[in-house]
Amino acid sequence: MGELLGGWKRTGYCAEPTVTDVGKEVTLMGWTNVRRDLGALVFVQLRDRTGVMQVVFDSSSLCKEDFERACTIRSEFVLAVRGTLVKRTGGMVNKTMKTGEVEVVVREFKILSKSETPPIEVDDNCNASELQRLKYRYLDLRRPCMQKNLMLRSQVSTVTRNYFASQGFVEIETPVLTKSTPEGARDYLVPSRVHPGKFYALPQSPQLFKQMLMLSGFDRYFQIARCFRDEDLRADRQPDFTQIDLEMSFVEAEDVLTVNEGYLKTLFKETLNVEIQLPLPRIKWKDAMARYGSDKPDTRFGLELCDLTDVVKNCNFSVFANAIQAGGSVRCINVKGHSADFSRKEIDALGEFVKTYRAKGLAWINMKPDGLQSPIAKFLTDVEITAIQARANLETGDILLIVADTDATTFASLGALRIKLAEKLNLIHANQFNLLWVTEFPLLEWNEEEKRFVAVHHPFTSPMDEDLPLLNTDPGKVRAKAYDIVLNGVEIGGGSIRIHAQELQKKMFDIIGLPDAVAKERFGYLLDAFRYGAPPHGGLAYGLDRVCMLLAGASSIRDVIAFPKVQNASCPLTNAPDSVDDQQLDELHIACTEKES
RNA sequence: GGCCCGGUAGUACAGUUGGUUAGUACGCCAGCCUGUCACGCUGGAGGUCAGGGGUUCGAGUCCCCUCCGGGUCGCCA
């Protein structure tokens, strides 16, 4: 006991001592960040999670044996050093370092651990590929920016717990091994050993449990919950991710939004010291679509969409006419003042870009100083062109980009194009945080493949009271008491007021074509619970990873997750998923038909 | 499942029209150096050009297949 460190204790972290501590004896422990060997003088930057401190090994003050030992120190060796904190003078001061005015003159030291040459450099300038970084994640996480990201994430969790606790929320854990609820994302399944042929599912969210907690009387609940979805990955999607999940009883949507606006204000203040003005702006779903072509608009820049449908509905250009005839629309973006910024080749590239969103093409009108240029001008009358110009406020120096298609395709392609244009034209300012509520989502969506309505959110979402009559006559028009919270064009959370009346819930299942028997089998326990006194309730869940990504200024949630997975859902560090012993499979009553050699 | 981009030394990259012994930077190793801080100087080691097949007198380079990574569409109630 105690031999390893020989009774040494750290006096503090590496980057803590300042000029006011000069003259003190310090004991620091950490990793060798850089070594600079000048022959009879060796400098080492000692690093821990607070930063670095320069420590000096001087041949004139150390015994020969110790100095020779110091010369063997290499990158990432773990050291314990003890010596005097001295003030640096003159040219020795390094103003770029937090601790650049002081250094430790080493009197004695221990090499606590040696290190092989690290395969990737432990440095923020390290430009190793993400695959290498993930393979050696334990080294990658030593880098200051990754340490900063994970400490920020920790702070987010702390602020979240403190805030919701202060508002009277009770933190309750819900099971990770639970029951499969299809009709959502694909479930991760866990075979049962004691129930041959049966499976647990990992939760996609604690949705049904938190609703039952409302029935149990925990009228304000929250949880930082791990969730699992077996779907393809993206920069902002991992198979296992974390939600800040909350639910409230005896509330309307307004109450949920208010409590969460308080949370967001607190979160931004305490993590980034950014002031958020309340109340947050709101936009109705249909307006978000019409103006931004997206249900998660980035409002940090303009480039809003403009509807040309009625202006061109009688024109001779068959692409426009046909789209409108088929019930679609013709919409455009006026890129004001950027007429000269798009070559023919670049416009063609934008055309290819919108095709990835199923648009058939991109029409355009370029208002050059020497006249209007457009491949579609010949199909339009002067009156129609004038009408387009008036509608889109199209003036000399502007370029108009137009898509004609179904509403869904028009919105999707122009919505994506809008963001691409903003990036190309540098219209997005860093350090700006635009929070926005999107409200009045549609309750249901017609699914052409399955020939039925499906819930846009989930089937427990309450319709808006004034739209209840439409449930029977025109379900596609019914709006939901659902809301998303959007930050800089990223959906960071969403929620709704739930259905708490059995009759309405039955009707919902009916409309989405879920037979009573199936509903009973899947959600029977929740439906039963509703029979014993259900309070009106609603809530919201945030994607914690996305929130942290945006607060950290990262471009992927992988940068705020300690051990993330790569695109094929595997982990380069642990090599999960991996094959298992036959004995394990036997115990689980599983036969594996595909085996890798 | 579709589309796009990529895979060359430990790491990141360059590699011309297919042509000699595949280069550069960082890192690494050795030597020198008492104020460096992106230390410097001198020297050195280090390559399955992702894998397989094909075209060719000749392939890192061209073609096909596979694998791997990133982005994205579908998917993600």
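Bear in mind the structure is a predicted one, so any value in this text is a computation, not a measurement. So that the names make sense, note that chain A is the first sequence line, chain B the second, and so on, each numbered from 1.
The nucleotide whose nearest atom lies closest to any side-chain atom of A:Ser570 is, among B:U36, B:U11, B:G69, B:G69.
Note that CD of A:Gln147 and CG of A:Asp48 are 8.0 Å apart. Values are rounded to the nearest 0.5 Å. In this structure, the separation between CG on A:Leu131 and CD1 on A:Ile120 is 10.5 Å, given to the nearest 0.5 Å.
To the nearest angstrom, C1' of B:C37 lies 18 Å from NZ of A:Lys98. Distance OH (A:Tyr136) to P (B:G69): 15 Å, rounded to an integer number of Å. Rounded to whole Å, atom C1' of B:G69 lies 6 Å from atom CG of A:Leu131. B:C29 atom P lies 12 Å from atom CD of A:Glu116, rounded to whole Å. Computed from coordinates, the A:Gln204 CD to B:C76 P distance equals 10 Å when rounded to whole Å. One interatomic measurement links the two molecules: CG of A:Asn127 to P of B:G27, which rounds to 12 Å at whole-angstrom precision. Protein atom CG of A:Leu139 is 17 Å distant from nucleotide atom P of B:G27, rounded to whole Å. At whole-Å resolution of the value, CG in A:Asn575 and P in B:G69 are 11 Å apart.
Within the 4.0 angstrom heavy-atom criterion, base atoms lie near A:Gly91. Residue contacts for A:Val42: at a heavy-atom cut-off of 4.0 Å it reaches no nucleic acid atom on any strand shown. Among the atoms of the strands shown, base atoms are found under 4.0 Å from some heavy atom of A:Ser59.
Phosphate contact (OP1/OP2 of B:G71, side-chain N/O of A:Arg558, threshold under 4.0 Å): present. Residue A:Ser129 places none of its side-chain N or O atoms closer than 4.0 Å to OP1 or OP2 of B:G70. One finds no side-chain N or O of A:Gln54 lying less than 4.0 angstrom from the OP1 or OP2 phosphate oxygen of B:C37. For B:G69, the OP1/OP2 oxygens have a side-chain nitrogen or oxygen of A:Asn568 closer than 4.0 Å.
With both ends at atom P, the span from B:G53 to B:G15 equals 27 Å, rounded to whole Å. Taking the C1' atom of each, B:C26 and B:C39 are spaced 15 Å apart, rounded to whole Å. Comparing B:U55 with B:A38, their C1' atoms sit 48 Å apart, to the nearest whole Å. Using atom P as the reference point in both B:C29 and B:C68, the two lie 35 Å apart (nearest Å). For the C1' atoms, the distance linking B:U56 with B:G40 amounts to 50 Å, nearest Å. Nucleotides B:A25 and B:C65 have their C1' atoms positioned 35 Å apart, rounded to a whole Å. The P atoms of B:C5 and B:A14 are separated by 16 Å, rounded to the nearest whole Å. Distance noted for atom P between B:U8 and B:U61: 13 Å (whole Å).
Using Watson-Crick or G-U wobble geometry with both donor-acceptor distances under 3.5 Å, B:C67 finds its partner in B:G7. When Watson-Crick and G-U wobble pairs are counted only if both distances are under 3.5 Å, B:G35 pairs with no nucleotide at all. Pair assignment for B:A12 gives B:U24, based on Watson-Crick or G-U wobble hydrogen-bonding distances that are each under 3.5 Å. With a cut-off of 3.5 Å on both pairing distances, B:C49 has no Watson-Crick or G-U wobble partner at all.
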Strictly under 3.5 Å: I want the nitrogen or oxygen pairs between protein and nucleotides 4-9 of chain B, one per line.
none

Sub-3.5 Å pairs of nitrogen or oxygen atoms, protein against nucleotides 73-75 of chain B:
residue, atom, partner, partner atom, Å
B:C73, OP2, A:Arg234, NE, 3.4
B:G74, N7, A:Arg234, NH2, 3.0
B:G74, O6, A:Asp232, OD2, 3.4
B:G74, O6, A:Arg234, NH1, 3.1
B:G74, O6, A:Arg234, NH2, 3.1
B:G74, N1, A:Asp232, OD2, 2.7
B:C75, O2', A:Glu231, OE1, 2.6
B:C75, O2, A:Arg237, NH2, 3.0
B:C75, N3, A:Arg237, NH1, 3.2
B:C75, N3, A:Arg237, NH2, 3.0
B:C75, N4, A:Arg237, NH1, 3.4

Please list, for nucleotides 38-41 of chain B, all pairs of protein and nucleotide N/O atoms separated by less than 3.5 Å.
residue, atom, partner, partner atom, Å
B:C39, OP2, A:Arg36, NH1, 2.5
B:C39, N4, A:Asp37, O, 2.5

Distances for protein N/O vs nucleotides 43-46 of chain B N/O pairs under 3.5 angstrom?
none

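Remark: A:Glu449 engages A:Asn447 in a side chain to side chain contact (heavy atoms under 4.5 Å, CB included) (not counting sequence neighbours). In terms of the side chain to side chain contact (heavy atoms under 4.5 Å, CB included) criterion, residue partners of A:Ser462 (sequence neighbours excluded) are, by chain and number, A:Lys481, A:Ile497, A:Ile499. Residues forming a side chain to side chain contact (heavy atoms under 4.5 Å, CB included) with A:Arg47 (at least two apart in sequence, or on another chain): A:Trp31, A:Asn33, A:Val52, A:Glu76, A:Val122, A:Arg142. Listed by chain and number, the residues in a side chain to side chain contact (heavy atoms under 4.5 Å, CB included) with A:Ala562 are A:Leu141, A:Leu150 (sequence neighbours excluded).
In this model, a donor atom of one side chain and an acceptor atom of the other lie less than 3.5 Å apart for A:Tyr221 and A:Asp245. Looking at A:Arg498 and A:Ser496, their side chains do bring a donor and an acceptor atom within 3.5 Å of each other. For the residue pair A:Gln204 / A:Asp187, a side-chain donor-acceptor distance below 3.5 Å is found, with atom types taken as modelled.
Applying the side chain to side chain donor-acceptor pair (under 3.5 Å) definition to pairs two or more places apart or across chains, those involving residues 504-513 of chain A are A:Asn472-A:Lys507. Residue pairs satisfying the salt bridge (Lys or Arg N to Asp or Glu O under 4.0 Å) criterion with at least one member in residues 351-360 of chain A, sequence neighbours excluded, are listed as follows: A:Glu352-A:Lys355, A:Lys360-A:Asp405. For residues 45-71 of chain A, the set of pairs meeting the ring pair (Phe, Tyr, Trp, His ring centres under 6.0 Å) definition, not counting sequence neighbours, comprises A:Phe57-A:Phe109. Applying the salt bridge (Lys or Arg N to Asp or Glu O under 4.0 Å) definition to pairs two or more places apart or across chains, none involves residues 486-496 of chain A.
Figure legend: cation-pi geometry between A:Lys420 and A:Phe353, with NZ or CZ positioned under 6.0 Å from the six-membered ring centre and within 45° of its axis.
The residue among A:Leu41 and A:Lys565 whose nearest nucleotide of RNA chain B lies closer to the 5′ end is A:Leu41. Mapping A:Ile120 and A:Asp236 onto RNA chain B via the closest heavy atom, the residue that lands nearer the 5' end is A:Ile120.
With hydrogens and angles ignored, a donor-acceptor pair under 3.5 angstrom links the side chain of A:Glu103 to the base of B:G35.
A:Leu305 approaches A:Tyr292 most closely through the heavy-atom pair CD1-C, 3.9 Å. When all heavy atoms of A:Ala288 and A:Pro297 are compared, the pair lying nearest together is CB-CG, 4.1 Å.
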